[in-house]
Asker: 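Sharing a structure here in structure tokens format.
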There are 2 protein chains.
Amino acid sequence: MRKVAESTIRRLSLYLRLLEEFEAQGIATVSSEALAGRGGTTSAQVRKDLSFFGSFGKRGLGYSVPELVTELRAILGLDRRYQVALIGAGKIGSALVQYRGFRQRGFDIVAIFDVDPAKIGREWNGLVVQDSAALETALAHEKIDMAVLVTPGEAAQPLADRLVALGVKAILNFAPVQLTVPHDVVVKTVNLALELETLSYELTNRG
Amino acid sequence: MRKVAESTIRRLSLYLRLLEEFEAQGIATVSSEALAGRGGTTSAQVRKDLSFFGSFGKRGLGYSVPELVTELRAILGLDRRYQVALIGAGKIGSALVQYRGFRQRGFDIVAIFDVDPAKIGREWNGLVVQDSAALETALAHEKIDMAVLVTPGEAAQPLADRLVALGVKAILNFAPVQLTVPHDVVVKTVNLALELETLSYELTNRG
DNA sequence: CTAGCTTTGTGAATCATTTCACAAAGCCGT
DNA sequence: ACGGCTTTGTGAAATGATTCACAAAGCTAG
């Protein structure tokens with residue numbers, strides 16, 4: 001498959017959300033124009049985005065909503081479930097555990113770790129918080145697809161290294177640091193400070 | 001000022017973080033090469049990014065760390081403080097209130113709102129949670145620069161409309177919806193589902 | 001003051017993404 | 001079955017972002 005831009009993938013994800021709404025409303029087909037309107041883009045963009053993966057529409061008619069939902073789920077890898085380890089049982093971790101969309105989209109949190117003795121052993125949404133020091137033994141027999149890192153900045157890189165050694169191939173990182181990992185491991189960093197600062201920039205230079 | 005790409009602003013934000021580290025270590029000057037190395041980009045990119053805003057370096061020598069820190073803070077609008085209203089006193093809101101980096105970078109949460117009667121009236125980090133219904137009266141005499149929206153999807157747009165009517169010019173949105181606002185209002189949406197799905201895509205199509 | 005070394009700042013070139021524009025397809029009504 | 005209407009899929013053009021490459025500038029040592 002030829003390389004597809006990240007911006008394209010993000011839009012596909014958006015289209016999928018809109019399509020699921022349409023599906024819930026019982027709408028059977030949708031045009032690229034309709035998808036674009038609600039997604040903040042153009043119909044040409046929608047068609048180009050989809051064309052990277054195939055021809056899913058019917059000329060003169062548009063796209064079948066259920067069919068396109070299925071296709072997009074497959075493209076985005078959402079037609080399977082993922083086993084997720086949560087590293088860091090703080091406030092953000094807690095919010096994630098409870099976030100419905102997480103499980104709804106196929107991501108199952110199967111293990112939670114922390115270094116705080118006050119948290120270790122406590123039950124959290126049906127899971128016992130384990131000691132981060134025991135990561136290796138705890139995950140020896142559990143296949144983990146993805147790790148969510150919610151730790152202070154300085155703890156993140158060492159933990160990432162250990163997770164990679166355990167065979168984890170994807171990390172969603174909330175720690176405010178740039179992680180270094182082998183090229184076959186995917187990292188996505190969500191950096192709140194960065195968002196605030198781009199907002200602050202816009203506010204001072206435009207608004 | 002000519003239009004500068006968002007990607008450039010995000011990198012400036014990153015450079016600022018690195019420079020602050022250098023400053024703490026007492027390093028006086030830094031080259032574009034050194035800034036690039038730690039920031040995951042190239043020296044040419046660093047110089048181009050900075051060149052949009054001026055010439056801050058000395059040829060043959062590099063950039064003065066404290067000077068560049070000052071310049072970047074000014075460019076990003078971080079040389080002032082912002083009054084922030086938090087809408088939604090749930091888990092994520094709670095994590096934000098306690099996040100040190102928030103206050104550290106000049107963002108002061110001065111009001112918290114929720115619709116849940118169980119939460120209204122309770123004290124939260126020195127602030128009393130107020131009823132979202134009373135947004136207008138509560139903020140009548142408080143100048144709010146920015147709002148952080150942490151509500152269920154369906155509540156977000158109506159609240160955004162009311163905030164805009166109150167003169168708020170920037171919204172950091174954690175609700176999983178695309179907000180519609182006048183063009184002089186800046187919205188930045190942090191969408192967890194989107195991040196998960198791009199990660200899932202990479203995982204199935206590369207890893 | 002000059003030679004040699006380093007590093008910036010920036011046009012030009014390359015590479016990537018978005019938009020345009022239109023032929024090809026398919027539906028509907030007669 | 002045909003004409004008119006709609007909407008896709010996609011090369012080509014336009015726009016945007018990154019990388020290249022080098023002259024200009026400044027420092028250091030002798």
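Keep in mind the model is a prediction, meaning the values are calculated, not measured.
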Asker: Expected output is a numbered-order residue list: members of residues 58-68 of chain B with a heavy atom under 4.0 Å from any atom of DNA chain C. What is it?
Answerer: B:Lys58, B:Arg59, B:Gly60, B:Leu61, B:Gly62, B:Tyr63
Asker: Is the phosphate of C:dT18, meaning OP1 or OP2, less than 4.0 Å from a side-chain N or O of A:Ser7?
Answerer: yes
Asker: Salt bridge or not between B:Asp145 and B:Lys143? Use side-chain N to carboxylate O under 4.0 Å.
Answerer: yes
Asker: Got a second to check how far B:Ile144's CD1 is from B:Leu86's CG, nearest 0.5 Å?
Answerer: 10.5 Å
Asker: For a quick check of understanding: with a heavy-atom distance under 4.0 Å over all strands, which category does B:Ser32 fall into, base, sugar-phosphate or nothing?
Answerer: sugar-phosphate
Asker: Which sits closer to the 5' end of DNA chain C, A:Thr41 or B:Glu33, going by the nucleotide each is nearest to?
Answerer: B:Glu33
Asker: Is the shortest distance from a Lys or Arg side-chain nitrogen in A:Arg10 or B:Glu195 to a carboxylate oxygen in the other one below 4.0 Å?
Answerer: yes
Asker: Within the structure, does a side-chain N or O atom of A:Arg11 lie under 4.0 Å from either OP1 or OP2 of C:dT18?
Answerer: yes
Asker: Would you call A:Lys188 and B:Glu202 a salt bridge, using N to O less than 4.0 angstrom?
Answerer: no
Asker: Does A:Arg80 qualify as a cation-pi partner of A:Tyr82, given the criterion of NZ or CZ under 6.0 Å from the six-membered ring centre and within 45 degrees of its axis?
Answerer: yes
Asker: Could B:Arg73 and A:Glu197 be called an ion pair, given the rule that one side-chain N must be under 4.0 Å from one carboxylate O?
Answerer: no
Asker: Applying a 4.0 Å non-hydrogen cut-off, can you work out what A:Thr42 is touching in the nucleic acid: base, sugar-phosphate, or nothing?
Answerer: sugar-phosphate
Asker: Would you indicate which nucleotide in C:dT8, D:dT10, C:dT18 comes nearest to any side-chain atom of A:Gln45?
Answerer: C:dT18
